[in-house]
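Accompanying notes for the structure given below.
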Amino acid sequence: MLRDVSLRVTAPRLAVLSAVHQHPHTDTDSIIGLVRDELGTVSHQAVYDVLRALTTAGLLRRIEPPGSVARYEARVGDNHHHVVCRSCGTIADVDCAVGYAPCLTASEAHGFVIDEAEVVYRGLCPDCSVRS
């Protein structure tokens, strides 16, 4: 995957890719911990640089649900959305809205060429809804 986007194959890049593939919607601090578990010493800056490079190359997607820190996922190339638990913060993928979706068509584009809409659904996950 790295070579396909003209990036050198390095241990930190492989470790970050592996961490995000195994733990979708992971925040940066968790990724740093997972990479350190695999490689030992690695700086925060090195992981931030790898995340930026992999996101720029299209191998990862950065999401920022309202009220949450930035998170990363390996599901790229589609316009899927997310559902976020209001209680515990769990995030899950939701495939793109199908059928007529009037809220995904901007009423005023203000001259922008719009190519993507982001929807975040909020509610309680199954575990939290049982507890409430």
Side-chain angles (χ1 to χ4, degrees):
M1 290 175 14
L2 292 167
R3 288 186 183 109
D4 288 345
V5 295
S6 301
L7 289 176
R8 286 185 311 115
V9 177
T10 65
R13 287 177 178 162
L14 290 173
V16 168
L17 273 175
S18 176
V20 176
H21 275 270
Q22 292 175 22
H23 305 276
H25 311 120
T26 304
D27 64 87
T28 307
D29 286 341
S30 297
I31 294 169
I32 290 168
L34 292 163
V35 170
R36 284 181 175 166
D37 287 347
E38 184 175 333
L39 299 179
T41 303
V42 63
S43 71
H44 279 75
Q45 190 60 50
V47 174
Y48 283 114
D49 291 345
V50 169
L51 287 168
R52 185 174 34 259
L54 297 177
T55 302
T56 300
L59 295 178
L60 296 181
R61 179 179 176 194
R62 177 185 164 127
I63 62 169
E64 290 186 62
S68 175
V69 298
R71 296 172 178 272
Y72 294 86
E73 64 182 351
R75 183 175 171 183
V76 296
D78 66 353
N79 189 28
H80 71 276
H81 308 298
H82 298 94
V83 60
V84 179
C85 179
R86 288 184 189 278
S87 181
C88 70
T90 295
I91 300 173
D93 291 336
V94 176
D95 288 333
C96 192
V98 295
Y100 179 66
C103 66
L104 297 182
T105 303
S107 61
E108 173 58 53
H110 300 281
F112 285 70
V113 177
I114 298 172
D115 62 3
E116 181 180 13
E118 183 175 319
V119 175
V120 177
Y121 301 94
R122 295 184 152 281
L124 293 177
C125 71
D127 290 340
C128 291
S129 64
V130 170
R131 285 184 235 150
S132 55

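The shown structure was predicted, so the numbers you read here are calculated from the model rather than taken from an experiment. Numbering starts at 1 and runs along the sequence shown. These values consider heavy atoms only, across backbone and side chains, with no hydrogens, waters or symmetry-generated copies.
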Will you find, in the side chains of His82 and Arg71, an N or O donor that is under 3.5 Å from an N or O acceptor?
-> no

Is [X] linked to [Y] within one hydrophobic cluster, defined over Ile, Leu, Val, Met, Phe, Trp and Tyr using a side-chain heavy-atom separation of less than 4.5 Å?
X     : Y     : result
Val20 : Leu14 : yes
Tyr72 : Leu39 : yes
Val35 : Val69 : no

Arg62 side chain to Ala70 backbone, donor-acceptor under 3.5 Å = no

Would you please name every residue forming a side chain to side chain donor-acceptor pair (under 3.5 Å) with Asp37, sequence neighbours left out?
-> none

Student check: side-chain heavy atoms of [X] and [Y] closer than 4.5 Å:
X     : Y      : answer
Pro66 : Val120 : yes
Leu59 : Leu2   : yes
His25 : Ile63  : yes
Val16 : Leu60  : yes
Ser68 : Val84  : no
Leu17 : Val50  : no
Glu73 : Asp93  : yes

Starting from Ile114, walk the hydrophobic network (Ile, Leu, Val, Met, Phe, Trp, Tyr; side-chain heavy atoms closer than 4.5 Å) and list everyone else you reach, by chain and number.
-> Phe112

Enter the distance from Leu51:CG to Ile31:CD1 here, rounded to the nearest 0.5 Å.
-> 4.5 Å

Going by the side-chain hydrogen bond (donor to acceptor under 3.5 Å, both in side chains) test, which pairs reach into residues 40-52, not counting sequence neighbours?
-> Arg36-His44, Gln45-Asp49, Asp49-Arg52

Closest approach of Val76 to Gly58 (non-hydrogen atoms, all atoms of both residues) = CG2-O, 3.3 Å

